[in-house]
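I have placed the structure first, in the form of structure tokens, so that the comments after it can refer back to it.
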Amino acid sequence: MKNCGIAFKLVSLILVSVFLVFFLIGKHNSNKIRKIYMGVVEENAKNLSFATLNKIESVLAAVEKIPQQIAHTVQHSSYRKDDIVFLTRQIVENHPEIYGATIAFEPNAFAKDKLYFAPYYFRGGDNGELKLTFIGSKDYNYFDKDWYKTPKELKKPSWSEPYFDEGAGNIVMTTYSVPFYKDELGKQIFMGVVTADVSLSWLEDLLSSLKIAKTGYTFLVSERGAYISHPVKEWIMKENIFELAKKKNNSKFSQIAKEMIAGKTGFTTIKDLYMGKDSCLYYAPLYFNGWSLGAVFPKDEMMAGINELQKENFIYALSGLGLLFLIIAFIARSITRPLGNLAKATEELATGKLDAAIPANDSQDEVGRLGESFRFMQQSLKKYIDEIKNISKLPGENPNPVFRVGKDGQLLYANLSALKLLENWNIKIGDPVPVIFHSAIEDSFSEEKSEGLEVERLDKIFTFEIMPVVENEYANVYGRDVTEARRAEEKLKIIAEEKDRIEREMETANLVQKGFLPENPPDYPGLSFAAHTAPAKFVGGDFYDFITLGDNHLGMVLGDVSGKGVSAALYMARLMSDFRYASMMDSDPEKIMRSVNGVLAKRSRNGMFATALFLLLDMKTKKLNISNAGHHSILIKNKKGDIREAGKADGIPLGILENAQYEKQEIQLSSGDIVIAYSDGAIEPINDDKQHFGMERFSSVISETENSPNLLIANLQKAISSFTQGRMPFDDLTLLVFKV
């Protein structure tokens, strides 16, 4: 390097330095882009997974509600064979998401001469027509099936592992089973289960419809690790995720599988069992039954765009280095040539002509040539710098309008895009630019800073930035087409206004629904009343009402319409009117229930029904008559704090059977008794640990609260809110409390 020329050293050092800078910047950008891109992939995977889980959970949540209500009804009523068969058909017929259902009894529980009794309706006919069969035989002993044994042993509802139901439904399905009991001398005797079967074929259709890059996919495993859905059909119900990971010697996948079964959520990179290549995996649990969803994103496909970008950047960097080499070589030569001439002049000066000055004329001696060389170099560099400055201030042709104007507003230069735009104003090079630009140009020069301007022309919107070059008395004007951006902003504004309108309408609907409910509880001497309702959505299907019937009698009704939202709210409003009309005709709770049920059954649509309580209080004698249509019993707390249950459901929900019969129960209340009626939303809220609030906690709050209806409702609300920690409720909450 010591013996190398200045040009070689200059070119080498600059190129090496620039290469290192390019390399470090490229490495940093690559890592940053990959990190950002992986974050985007993870967010997309999360959104896709949760959207899919929400679709599945919404179906399973709707399925759970049906057997729970039927089990509650069967548990508190006596039915003939035809009634059980009819109820079973109603489960399947009115709920298209359910493939099949049965009400299966214990041995000899339904009839002493029948070991098996389990009518099973399922969609086994052509075009999904319903078929009926009575399951239970030596070949199909349902007492040994998991869907029967598990809820019996656990004494609570449960989802079964997916299975092929040979001998009954004859498809791959999962079953939700709810046990029901008979009360004998205060002891709960297990009587059987109510089930709802869900075909897993719709899960396969749902997951296979999701597209992830070219070869990505989603899969679903049960809480024991069995594949429920997967692109490889041979794996479904035949392969286990743990065994498959072991076969393929993939220990990391085994660990991830354990986290999936444990109900955890995560995002990781892993070698996929199916495709055998590095992939990104996002997994999240299915809330209701312990299943887990996995979304696989092939890493090479996800990073294809990044890799292509890096390849292009590498090519551009090499091209830039080549161009830079040519430029530096040219500059180095321009520098070293005058230095060579200077060396020759120095040799001449060494002869003793130290005072020789560089002549300012066209002499041909060495000093003259050196002077000319320096002057030429100076002129060349100045010209070169001016060219570089001009190039940097005025870009070449580009799709956006760019033009240059003098301080007086005269058009000096315009690219093709600007010429097309200015032609509309009939302006050419040398003409003054449109008047709309004049004020901004004057301000930019007076303030010596850039000025912005927005112009609408030819059905398009442009923004212009006017950048003055004060020393040269002209300004560069850079335009940008923002038409699409402005239209997008307008659309977003319209969407936001529409969202606000819908929310206002829903709030109005909530106010209208509240208008159907009593504005204030009644006020009678010796009695205190309180009530509260909170819909799961803007509007709901729970209702309550106080109906004055003569001087000494007060009717109270509390009910729960199946479903939620606007349809349930409309059904509720009509139902409240029916109760008021029926109670005015005859105040007997038993007759009121029969009358309202008859009306609802005739006009019932889409399988909607309602559970309800009607209470008739004699305010003089403190006698309370109750009729129950498939609803929760009331609770009565006495002065000592003891709580007892009364008014058990002895009738089916309203709107199912037109000629259903209902009974009434008479209770003598004592001074200090407090009566509590409630809907599902009081005992069924769920926390993050998948636990229900339940009757035990509900009763505990009642026991610990002083006998004040308003205080009791406030404490119950506070306890439920603390238990769920802000989780959105699945069901409407209604409480009606009074004290004698």
* Exam field: side chain S721 to backbone Q717, donor-acceptor pair closer than 3.5 Å -> no

* To do: Would you confirm whether Q665, through its side chain, and G647, through its main-chain N or O, come within 3.5 Å as a donor-acceptor pair?
  => yes

* Structure fact -> One should read off an interatomic distance between M556 CE and I626 CD1, to the nearest 0.5 angstrom, of 9.0 Å

* T724 to P685 - nearest heavy-atom pair and separation -> CG2-CB, 3.6 Å

* Note, M173 side chain near Y99 side chain (heavy atom, < 4.5 Å) -> yes

* To do: With sequence neighbours excluded, tell me which residues meet ring pair (Phe, Tyr, Trp, His ring centres under 6.0 Å) with F529.
  => F546, F738

* Asked: Between A646 and S633, which heavy-atom pair has the shortest distance, and what is it?
  -> O-CB, 3.2 Å

* Check the pair E590 / S627 against side chain to side chain donor-acceptor pair (under 3.5 Å), numbers first and verdict last. => CA-CA 6 Å; E590 179 182 355; S627 185; over 6 Å; no

* Let me see the working for H631 and H72 under ring pair (Phe, Tyr, Trp, His ring centres under 6.0 Å), right down to the final yes or no. => CA-CA 8 Å; H631 199 78; H72 185 272; 7.9 Å; no

* To do: Mark yes or no for whether T150, through its side chain, and D146, through its backbone, hold a donor-acceptor pair below 3.5 Å.
  => yes

* List the atom of E161, the atom of A226, and the distance in Å for their closest heavy-atom pair. => OE1-CB, 4.5 Å

* To do: For E204, enumerate each residue passing the salt bridge (charged side-chain N to carboxylate O under 4.0 Å, His left out) test, keeping only those at least two apart in sequence or located in another chain.
  => K233

* Using the six-membered ring wherever Trp is involved, compare the ring planes of F117 and F105 and label them parallel, tilted or perpendicular (cut-offs 30° and 60°). => tilted

* To do: Can you measure from CG (L549) to CD1 (I592) and round to the nearest 0.5 angstrom?
  => 6.5 Å

* Assess the side chains of T611 and D560: does a donor N or O sit below 3.5 Å from an acceptor N or O? => no

* Structure fact -> Residues at least two apart in sequence or cross-chain that pass ring pair (Phe, Tyr, Trp, His ring centres under 6.0 Å) with Y217, listed by chain then number, are H230, Y274

* Test log, rule side chain to side chain contact (heavy atoms under 4.5 Å, CB included), inputs I676 and I634 -> CA-CA 6 Å; I676 304 100; I634 65 170; over 6 Å; no

* Structure fact -> By side-chain contact (heavy atoms from CB on, under 4.5 Å), A530 pairs with (sequence neighbours left out) P709, N710, I713

* Taking only Lys NZ, Arg NE, NH1 and NH2, and the carboxylate oxygens of Asp or Glu, determine whether E93 and R89 approach each other closer than 4.0 Å. => yes

* Asked: Does the N687 side chain pair with the main chain of K690, one donor and one acceptor, at a distance under 3.5 Å?
  -> yes

* **Qualifying residues under side-chain contact (heavy atoms from CB on, under 4.5 Å), relative to F143, sequence neighbours excluded** => E106, P107, L115, Y116, N141, Y148

* Asked: So with a 6.0 Å cut-off around CD of E129, is the heavy-atom count from everything else above 12?
  -> yes

* Looking only at non-hydrogen atoms, find the nearest pair between T218 and P231 and report the distance. => O-CD, 4.1 Å

* Any donor-acceptor pair under 3.5 Å linking the side chain of Q661 with the backbone of N659? -> yes

* Looking only at atom types and distance, does a side-chain atom of D689 sit under 3.5 Å from a main-chain N or O of Q691, one as donor and one as acceptor? -> no

* So, R697 side chain and H692 main chain: donor-acceptor pair closer than 3.5 Å or not? -> yes

* Asked: Is it true that K149 and D144 have a side-chain N and a carboxylate O under 4.0 angstrom from each other?
  -> no

* Might you confirm whether atom OH of Y581 has over 12 heavy atoms from other residues, nucleotides or ligands at distances under 6.0 Å? => no

* **Set of side-chain contact (heavy atoms from CB on, under 4.5 Å) partners for M695, sequence neighbours left out** => L635, Y678, I683, F698, S699

Name the atoms and distances for all side-chain donor-acceptor pairs under 3.5 Å in residues 52-66, with sequence neighbours left out.
{"unit_1": "T52", "atom_1": "OG1", "unit_2": "L48", "atom_2": "O", "d": "2.8"}
{"unit_1": "N54", "atom_1": "ND2", "unit_2": "F50", "atom_2": "O", "d": "3.1"}
{"unit_1": "E57", "atom_1": "OE2", "unit_2": "Y287", "atom_2": "N", "d": "2.6"}
{"unit_1": "S58", "atom_1": "OG", "unit_2": "N54", "atom_2": "O", "d": "3.2"}
{"unit_1": "S58", "atom_1": "OG", "unit_2": "K55", "atom_2": "O", "d": "2.7"}
{"unit_1": "E64", "atom_1": "OE2", "unit_2": "W159", "atom_2": "NE1", "d": "2.8"}
{"unit_1": "K65", "atom_1": "NZ", "unit_2": "D680", "atom_2": "OD2", "d": "2.8"}
{"unit_1": "K65", "atom_1": "NZ", "unit_2": "D731", "atom_2": "OD2", "d": "2.4"}

Which atom pairs, donor and acceptor, lie under 3.5 Å between side-chain atoms of residues 174-182 and protein residues at least two apart or in another chain?
{"unit_1": "T174", "atom_1": "OG1", "unit_2": "S160", "atom_2": "O", "d": "2.8"}
{"unit_1": "T175", "atom_1": "OG1", "unit_2": "Y163", "atom_2": "OH", "d": "2.7"}
{"unit_1": "T175", "atom_1": "OG1", "unit_2": "D197", "atom_2": "OD1", "d": "2.7"}
{"unit_1": "Y176", "atom_1": "OH", "unit_2": "Q68", "atom_2": "NE2", "d": "2.9"}
{"unit_1": "S177", "atom_1": "OG", "unit_2": "W147", "atom_2": "O", "d": "2.7"}
{"unit_1": "K182", "atom_1": "NZ", "unit_2": "E184", "atom_2": "OE2", "d": "2.7"}

* Asked: Which value, rounded to the nearest 0.5 Å, describes the distance between F609 atom CZ and I656 atom CD1?
  -> 5.0 Å

* With sequence neighbours excluded, residues passing side-chain hydrogen bond (donor to acceptor under 3.5 Å, both in side chains) with R580 -> D545

* Identify, with sequence neighbours excluded, every residue that meets salt bridge (charged side-chain N to carboxylate O under 4.0 Å, His left out) alongside D586. => K591

* Asked: Given the rule in the side chain to side chain contact (heavy atoms under 4.5 Å, CB included) test, do L624 and L615 qualify, once you have shown the distances and angles that lead to the verdict?
  -> CA-CA 7 Å; L624 181 68; L615 292 76; 3.8 Å; yes

* Ignoring hydrogens and angles, tell me if any N or O in the side chain of H532 forms a donor-acceptor pair with the backbone of L735 under 3.5 Å. => no

* To do: Please report the shortest heavy-atom distance between P119 and L132, naming the atom on each side.
  => CB-CD1, 4.2 Å

* On the ring face of Y140, is K145 found with NZ or CZ under 6.0 Å from the centre and within 45° of the axis? -> yes

* Could you list the residues that satisfy side-chain contact (heavy atoms from CB on, under 4.5 Å) with K156, not counting sequence neighbours? => L154

* Supply the atom-to-atom distance I70 CD1 to T88 OG1, rounded to the nearest 0.5 angstrom. => 8.5 Å

* Just checking, is any N or O donor in the side chain of D650 or Y662 under 3.5 Å from an acceptor N or O on the other one? -> no

* **ring pair (Phe, Tyr, Trp, His ring centres under 6.0 Å) partners for H95, two or more places apart** => none

* Asked: For I261 and S222, which heavy atoms make the closest approach, and how far apart are they?
  -> CD1-O, 3.2 Å

* **Cation-aromatic face contact K81/F134, 6.0 Å, 45 degrees** => yes

* Interatomic spacing from CG in N597 to CG in D578 - rounded to 0.5 Å -> 11.0 Å

* Determine yes or no for a side-chain-to-main-chain donor-acceptor pair under 3.5 angstrom, with T133 supplying the side chain and Y120 the backbone. => no

* From M593 CE over to D588 CG, what is the distance, rounded to the nearest 0.5 angstrom? -> 11.0 Å

